[in-house]
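Quick note on labels: first sequence line is chain A, next is B, and so on, each numbered from 1.
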Amino acid sequence: MKLIFDNTTLDLKPNGKSYIATFDGKTATVEILRTEKGKLDLLIDGKRVIAYVSADNAKRWVTVDGRTFLLTKSSGAKRRGAGGDQASGLTAPMPGLVRSVNVVEGESVTKGQTLMVLEAMKMEIRIHAPMDGVVKSLAVKVGQTVEREQELIKVESQTSKV
Amino acid sequence: MKLIFDNTTLDLKPNGKSYIATFDGKTATVEILRTEKGKLDLLIDGKRVIAYVSADNAKRWVTVDGRTFLLTKSSGAKRRGAGGDQASGLTAPMPGLVRSVNVVEGESVTKGQTLMVLEAMKMEIRIHAPMDGVVKSLAVKVGQTVEREQELIKVESQTSKV
Amino acid sequence: MFKKILIANRGEIAIRIMRACKELGAKTVAVYSDADKNSMHAQLADEAIHIGDSSPKQSYLNADVLIQAALASQADAIHPGYGFLSENASFAGTVDSAHLTFIGPSADSIRAMGDKAESKIRMKKAGVPTVPGFEGLESESDFKKAAEEIGYPVLVKAAAGGGGKGMRVVNQPEELHEAIESARGEASNAFGDDRLLVEKYIPNAHHIEFQVFGDQHGHLVHLFERECSTQRRYQKIIEETPSPLLTPELRKQMGEAAVNAARAVNYYNAGTIEFIFDPSLSTPALSGDEGFYFLEMNTRLQVEHPITELTTGLDLVQWQIRVAAGERFPYSQEQLTQRGHAIECRVYAEDPANGFFPSTGKLLQYIEPRGPGIRVDSGFRAGDEVSHFYDPLLAKLIVFGESRETAIQKMQAALREFVAHGVTTNIDFMQDVLSHEDFTSGKVSTKWVENKFNWKPSTPTFESLIAASLADLTIVNRPSSIVNEHDPFSPWKNPNGFRN
Amino acid sequence: MFKKILIANRGEIAIRIMRACKELGAKTVAVYSDADKNSMHAQLADEAIHIGDSSPKQSYLNADVLIQAALASQADAIHPGYGFLSENASFAGTVDSAHLTFIGPSADSIRAMGDKAESKIRMKKAGVPTVPGFEGLESESDFKKAAEEIGYPVLVKAAAGGGGKGMRVVNQPEELHEAIESARGEASNAFGDDRLLVEKYIPNAHHIEFQVFGDQHGHLVHLFERECSTQRRYQKIIEETPSPLLTPELRKQMGEAAVNAARAVNYYNAGTIEFIFDPSLSTPALSGDEGFYFLEMNTRLQVEHPITELTTGLDLVQWQIRVAAGERFPYSQEQLTQRGHAIECRVYAEDPANGFFPSTGKLLQYIEPRGPGIRVDSGFRAGDEVSHFYDPLLAKLIVFGESRETAIQKMQAALREFVAHGVTTNIDFMQDVLSHEDFTSGKVSTKWVENKFNWKPSTPTFESLIAASLADLTIVNRPSSIVNEHDPFSPWKNPNGFRN
């Protein structure tokens with residue numbers, strides 16, 4: 001079977017008590033020694049590997065050998081936004097206060113330009129343009145408090161306008 | 001409702017959000033602030049009490065205020081052996097080796113007398129007579145290994161012979 | 001000694017203080033906001049009092065409600081911890097007025113050190129070195145003279161300044177004219193005030209601070225230094241003691257300056273004198289310049305106090321409580337010694353790959369390292385929520401080793417054992433800082449993380465992908481089997497509601 | 001330095017050693033018996049090898065299988081821990097023959113100290129004080145002369161003796177005749193050998209031991225004492241350092257004797273010289289008697305080594321590994337200092353109300369205390385089984401405080417926080433020992449628990465009965481909701497079997 005995490009695909013084939021894992025041209029024989037909640041004790045090519053794994057919807061936190069990786073599991077369908085989105089809506093990464101709005105609707109912006117500044121957890125959070133484009137709509141104004149994931153501003157890609 | 005632990009009976013009456021607990025002439029008002037697995041956060045007569053409780057069949061381990069008590073919950077029926085047993089069978093408290101047998105069948109013994117000695121965990125474990133009486137039967141001999149709870153010896157109460 | 005102490009704080013520091021109270025036989029009162037109603041600190045106290053909603057202003061910064069809570073619970077003292085109201089002179093005064101004891105310095109000491117400009121003048125008077133510089137300059141020739149007296153490079157900066165605006169580094173006299181012009185313009189635009197000052201520019205400044213401690217009977221000592229140069233966003237992330245940069249002579253000199261600074265404001269209880277340190281002046285005596293300069297004083301317990309505790313053998317929080325109760329601090333300067341080496345790593349829920357942006361969420365797994373020489377001061381358990389209301393500090397991981405080398409080894413082993421899932425943390429980042437040769441050679445300055453250390457998270461290893469895949473095959477598909485929601489330390493199930 | 005170390009032990013000490021290995025960058029190999037297949041020590045190692053069934057003889061005492069495991073895993077050294085084969089000279093020799101390094105002293109040193117009678121003669125020759133006494137006495141007048149020379153009270157005891165048989169305390173000359181007669185008769189009956197000896201009787205003997213440490217280059221020092229007089233069944237339960245009984249002079253004298261004792265057997269690595277100490281001779285110089293007497297040497301790491309680590313700042317296990325690898329121990333006797341006070345409580349699964357009888361079962365809840373100055377060395381988690389195969393030590397709870405008083409306070413607070421359900425423990429018992437005035441005044445001798453301390457468990461409080469009742473009402477009736485079987489650290493669910 002194939003498992004896709006972010007942009008990488010791992011192939012896992014049962015082989016008796018073990019599995020054969022293939023990824024990026026590499027192959028390994030894997031045996032599960034034990035499992036318990038959130039923890040795997042594996043034998044990968046004869047080397048004992050303890051892994052901590054946690055799941056939250058599609059997200060997977062994996063700690064192996066003292067390093068933690070955050071992977072996103074994909075169902076195998078086309079990945080969201082891969083080349084498709086023409087207008088990009090930017091949302092608040094956490095609850096906060098809109099401290100400044102630096103653009104107006106219809107304004108041309110360049111990738112990386114600061115569009116607005118939020119204040120949350122005593123920090124300034126700058127919202128940058130994800131691409132060259134035009135501000136299509138502004139959903140908030142200065143002084144407004146916003147919730148996590150609340151839409152702030154929509155930027156339309158320049159390429160779609162040409 | 002009444003709850004019996006060992007020889008003591010506690011009475012617990014619901015009273016709105018609280019309970020009224022009565023025991024040995026004492027009365028207290030109890031409120032449950034929170035519970036989680038194995039832990040209770042209580043308000044007893046206005047004082048916050050954190051209690052850890054674990055159950056294993058009828059056994060209850062309770063830790064309150066840094067002290068741990070082992071209670072045995074009774075169903076309320078007559079307690080086992082209370083005045084009833086005439087012949088008492090003694091069992092091995094843990095697996096071990098019978099190192100010596102100090103009595104023979106039919107011998108009169110006095111309460112507290114050492115009947116046999118087991119060896120387990122590098123320790124000598126002395127099996128004492130639970131009462132004045134007579135050795136009714138010996139179930140093991142020197143050199144034999146015994147399992148936990150295996151019967152070792154039966155002592156018959158003297159009172160039943162008189 | 002106090003019978004009952006209210007702790008006007010939350011998280012790891014509230015818990016740290018409670019432990020000290022318990023050992024001294026004092027009962028503890030916790031306070032908590034809405035967001036903290038399931039938090040560890042509220043559960044560990046003898047009493048817990050709800051003080052308001054989740055915003056700090058409505059709870060931990062609300063002096064009135066804190067005083068009321070202390071009076072209602074019949075506490076006889078308040079420990080403010082760090083942050084929140086700990087350096088608020090008027091709070092300290094209000095506590096006194098309510099006939100409660102403030103576990104910290106006097107309101108006057110807090111006030112004297114609270115105004116940064118005023119305190120600098122006061123320190124100069126007390127003979128404590130401050131960054132060499134000149135104010136009130138008018139003509140360009142005044143600037144030139146001043147720069148020459150200080151010695152190049154110098155910093156021309158807006159007197160009203162902040163945030164790097166109106167600030168120019170001048171390496172040689174030829175650059176001075178343009179620097180003044182442009183800084184003046186920027187200052188005028190940014191602050192409406194074009195006054196400039198000139199001061200010594202320290203290219204690779206280190207932050208070295210001294211712990212001071214005094215009792216109410218006039219006895220005042222220092223408890224040696226802490227090297228706190230590993231910072232991001234002007235916030236410390238790794239602290240250690242002793243500093244790899246100090247010679248015994250310099251340590252003595254700086255320690256004396258720290259005591260003088262504290263004495264100048266009649267300081268008692270625990271406090272910290274922060275210095276800017278210039279590592280290029282390795283033989284300060286020759287240069288005629290001390291090489292260290294008073295930056296500010298923190299008039300409260302410091303976040304990184306544990307490394308001082310491990311190397312001096314003292315319990316600073318117990319002593320804070322004892323001296324607040326009027327006890328004498330019994331050790332003379334000569335009796336105090338440093339032994340071994342201690343390091344603290346601040347484990348934050350934040351994303352080092354994304355500007356150290358705070359990360360919030362539920363801790364799906366949370367396993368702290370343990371073992372000899374490892375101390376973890378924390379206020380979280382698996383299942384707890386890391387909210388956006390407060391500082392995203394998950395834990396302070398502190399190690400003790402005989403030498404700097406063994407302490408670094410121990411910290412590396414401990415960081416590798418730390419598992420925190422559900423939020424992004426700086427654990428991997430700190431591992432890479434600790435193994436960087438700039439760190440091992442003691443060359444990390446306060447701007448190093450931003451200017452020199454170009455950190456990238458490692459790409460997922462083959463092994464991690466295998467583990468994620470097998471977890472899905474063997475565990476994830478069974479409902480809720482990965483997440484620890486059955487952990488005995490998970491948040492309260494709360495079947496009966498919580499008493500406010 | 002070694003690349004890979006096999007740890008020929010189990011439980012807390014195996015884990016303690018693994019942490020030291022990891023910090024030194026060495027890989028670890030654990031070994032485990034059937035009973036330990038789910039144990040923590042087997043999980044924390046880089047590799048784990050099954051070595052036999054649950055009985056120690058078939059596993060941890062099986063030298064051949066241990067050596068095979070070391071060779072098979074390509075380990076280059078073996079750490080024996082304490083107990084099991086740690087003081088087995090022939091095992092140490094076999095390890096050498098297999099071209100592996102034994103992390104401990106030489107086989108010759110172990111052998112020389114292994115024979116208790118021989119070692120005592122050797123110590124006498126080396127000028128180390130032993131209990132004053134005379135052997136080979138014939139006539140009653142010989143006994144009288146000997147007793148007078150020693151000074152009353154004396155002990156008349158069987159030369160072949162043990163277990164208190166053939167032993168009489170003689171307080172004055174008039175009692176001597178009858179004591180000799182009765183002891184001789186008892187000795188003859190018990191051992192078939194009626195030879196008697198006379199030695200000094202020490203009524204309230206303390207057990208004070210000195211940690212020694214040496215490298216393979218002839219450098220040998222002591223790391224001060226440990227007071228280990230709180231015992232039951234001749235086994236230590238509470239240890240502390242410094243001893244409340246020693247003066248600096250006496251400490252120096254005993255330390256020198258300890259180093260002499262170790263030097264007499266060309267000792268290197270960690271070792272312990274145990275002394276019997278007579279507290280009645282508070283001014284030994286006046287009495288012409290040292291007041292301390294060599295008892296035996298433990299030629300391995302001691303269970304209670306952590307208290308020495310906390311007060312000297314050294315990591316003894318790291319140094320064991322380093323000196324085994326040939327490194328020099330870098331500290332001179334003068335550089336070594338004691339700081340603060342450390343106490344260890346051995347938390348046993350045993351019933352103090354029933355002759356300290358071991359208790360076995362499953363740990364239904366298991367919560368170790370934590371906080372600044374608290375160290376817990378343990379090998380158990382909630383859900384683990386405490387089996388009858390091995391020593392019932394659950395954990396070593398170790399605290400550090402600035403003074404003896406603060407250390408006792410910290411230990412009391414820590415014991416009160418310790419929750420262990422499913423087995424009976426000595427936690428409450430130790431709380432009561434620590435708060436007894438004989439303990440706080442340092443008067444607990446080795447027989448105190450049996451002869452003087454008449455401990456009774458407290459009767460269940462009203463509050464505990466209320467808690468038990470409410471737990472039944474609110475929790476117990478929901479299936480399996482009290483017991484922590486969903487704890488993430490509970491035994492392996494083992495869906496795929498375990499690889500042997």
With chain A, which of T459(C), T425(C), V419(C) has the greatest number of heavy-atom pairs at distances under 4.5 Å? V419(C)
Please identify which of these residues, L10(A), I44(A), D45(A), meets the side-chain contact (heavy atoms from CB on, under 4.5 Å) condition with F462(C). L10(A)
Looking only at heavy atoms, which two atoms of A28(A) and I466(C) are closest? And how far apart? CB-CD1, 4.3 Å
Separation of K73(A) NZ from D472(C) CG (nearest 0.5 Å): 4.0 Å
Write down the atom of S464(C), the atom of V62(A), and the distance for their closest heavy-atom approach. O-CG1, 3.7 Å
For residues L470(C) and L12(A), determine if any side-chain heavy atom of one lies less than 4.5 Å from a side-chain heavy atom of the other. yes
Can a donor-acceptor pair be found, under 3.5 Å and without considering hydrogens, that links the side chain of D56(A) to the backbone of G422(C)? no
Working to the nearest 0.5 angstrom, can you tell me the gap between E463(C) CD and D65(A) CG? 6.0 Å
Measure the CZ-CG distance between F69(A) and D428(C) for me, rounded to the nearest 0.5 Å. 7.0 Å
Are side-chain heavy atoms of K37(A) and Q365(C) found at a separation under 4.5 Å? no
Student check: side-chain heavy atoms of F5(A) and S469(C) closer than 4.5 Å: yes
Any non-hydrogen side-chain atom of P460(C) less than 4.5 Å from a side-chain atom of T8(A)? no
Any side-chain heavy atom of T461(C) sitting closer than 4.5 Å to one from R67(A)? no
Please determine, among T27(A), D24(A), L70(A), the option with the most heavy-atom pairs under 4.5 Å with chain C. T27(A)
Would you indicate whether K141(A), at its atom NZ, is surrounded by more than 12 heavy atoms from other residues, nucleotides or ligands within a distance under 6.0 Å? no
Rounding to 0.5 Å, atoms CZ (R60(A)) and CG (L465(C)) come to a distance of 12.5 Å
So for V64(A), is it side chain, backbone, both, or neither that comes closer than 4.5 Å to the heavy atoms of chain C? side chain
Under a 4.5 Å heavy-atom cut-off, does chain C meet the side chain of K59(A), its backbone, both or neither? neither
Do T63(A) and H421(C) have side-chain N/O donor and acceptor atoms under 3.5 Å apart? yes
